[in-house]
Amino acid sequence: MELPDWVPATMDVTKPSPARMYDYYLGGTHNFEVDRDAAERAIAAMPYTIQGARGNRDFLRRAVRLLVDSGIRQLLDLGSGIPTVGNVHDVAQRRDPTTRVVYVDIDPVAVAHSSAILRSNPLAAVVQADMRDVDAVLGCREVKDLIDFSEPVGLIMASVLHFVPDSSRPAEIVAGYREAVPAGSHLALSHIGAEEPDNRNSMLADFKAVYQNTTNPVVLRTRPQILTLFEGFDLLEPGVVLVHQWRPDADQEVPAKLPPGYGGVGVKK
Ligand SMILES: C[S@@+](CC[C@H](N)C(=O)[O-])C[C@H]1O[C@@H](n2cnc3c(N)ncnc32)[C@H](O)[C@@H]1O
């Protein structure tokens, strides 16, 4: 197979990657046949997968606007994904051009493509790292250069913690980042739920099964389990709700059947 020039030499392109599957859901082009096949199986299992991905991405953009409007000028985006239209730095720097952004992702395509588009942006950088390794992320040069931990930080964990198994203790990972930032810092987090609004959970089980054979299996969590990830943060209204229902824009498209993805924003006490 001839690979495009944006493919890092060391990358395994034989196994589907959730980062590239998500890129496919969003209409991106940084994905391979193996990713598209798996993504189509996920869509067949759960027909509103695409609306779920778009709804999550729209939640992320609204949350970033809120963070910047609340005075946050530095963002640490953990599990940032393959760049697409309306990236975190685009949204944040349009609101205030002095906003600094560090992207962190484990996926080589996400990092290679982010690095290419950030070349001329001195206030944004990308790091390839496992966000579960809090010390490694906080100690890396890009974070040290761009994030001042004496000022409030916007922590973003959008659709990433459902790739972190219970054995990696996701609540402790969030706590590790929370401890590193001062009061007034924000956490914007979204996560796939474990139950569908109308209790047709077999669709979620089939969806989860598709991800078992990818580089990052999915872990479904209930809304109460997702709420525990916000420990130490005061939730802003309307709390942790389906992403489409979190502060929707007036002109926002809301699907008739809402996908089971939850999101919320909290402020460190
Ligand atoms: C569904 S995408 C979400 C992208 C973006 N945050 C958004 O919400 O639009 C999940 C991303 O998390 C990344 N990811 C999964 N596990 C990770 C880990 N342990 N450390 C860093 N990134 C991770 C994947 O590579 C992928 O790019």
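A quick note: this is a predicted structure, and the numbers were derived from the prediction, not measured. As the structure lists them, so they are numbered: ligands from 1, and atoms in each ligand from 1. Residues take their numbers from the sequence shown, with the count starting at 1.
P255 is linked by a side chain to side chain contact (heavy atoms under 4.5 Å, CB included) to Q51, H244, L258, P259, counting only residues two or more places apart in sequence or in another chain. The side chain to side chain contact (heavy atoms under 4.5 Å, CB included) test applied to L236 returns L66, H186, R247, V265, V267, not counting sequence neighbours.
With values rounded to the nearest 0.5 angstrom, R36 atom CZ is found 12.0 Å from I43 atom CD1.
Closest approach of L26 and R57 over heavy atoms only: CD1-CD, 3.9 Å.
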Residues 76-83 side chain polar contacts: donor-acceptor under 3.5 Å, at least two apart:
| from | atom 1 | to | atom 2 | distance (Å) |
| --- | --- | --- | --- | --- |
| S80 | OG | V104 | O | 3.3 |

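In this structure, the side chain of D37 does not engage the main chain of V34 through any donor-acceptor pair within 3.5 Å.
A distance limit of 4.0 angstrom between heavy atoms and ligand 1 selects the residues A19, Y22, N56, R57, L60, G79, S80, G81, D105, I106, D107, A129, D130, M131, R132, A158, S159, V160, F163, N216.
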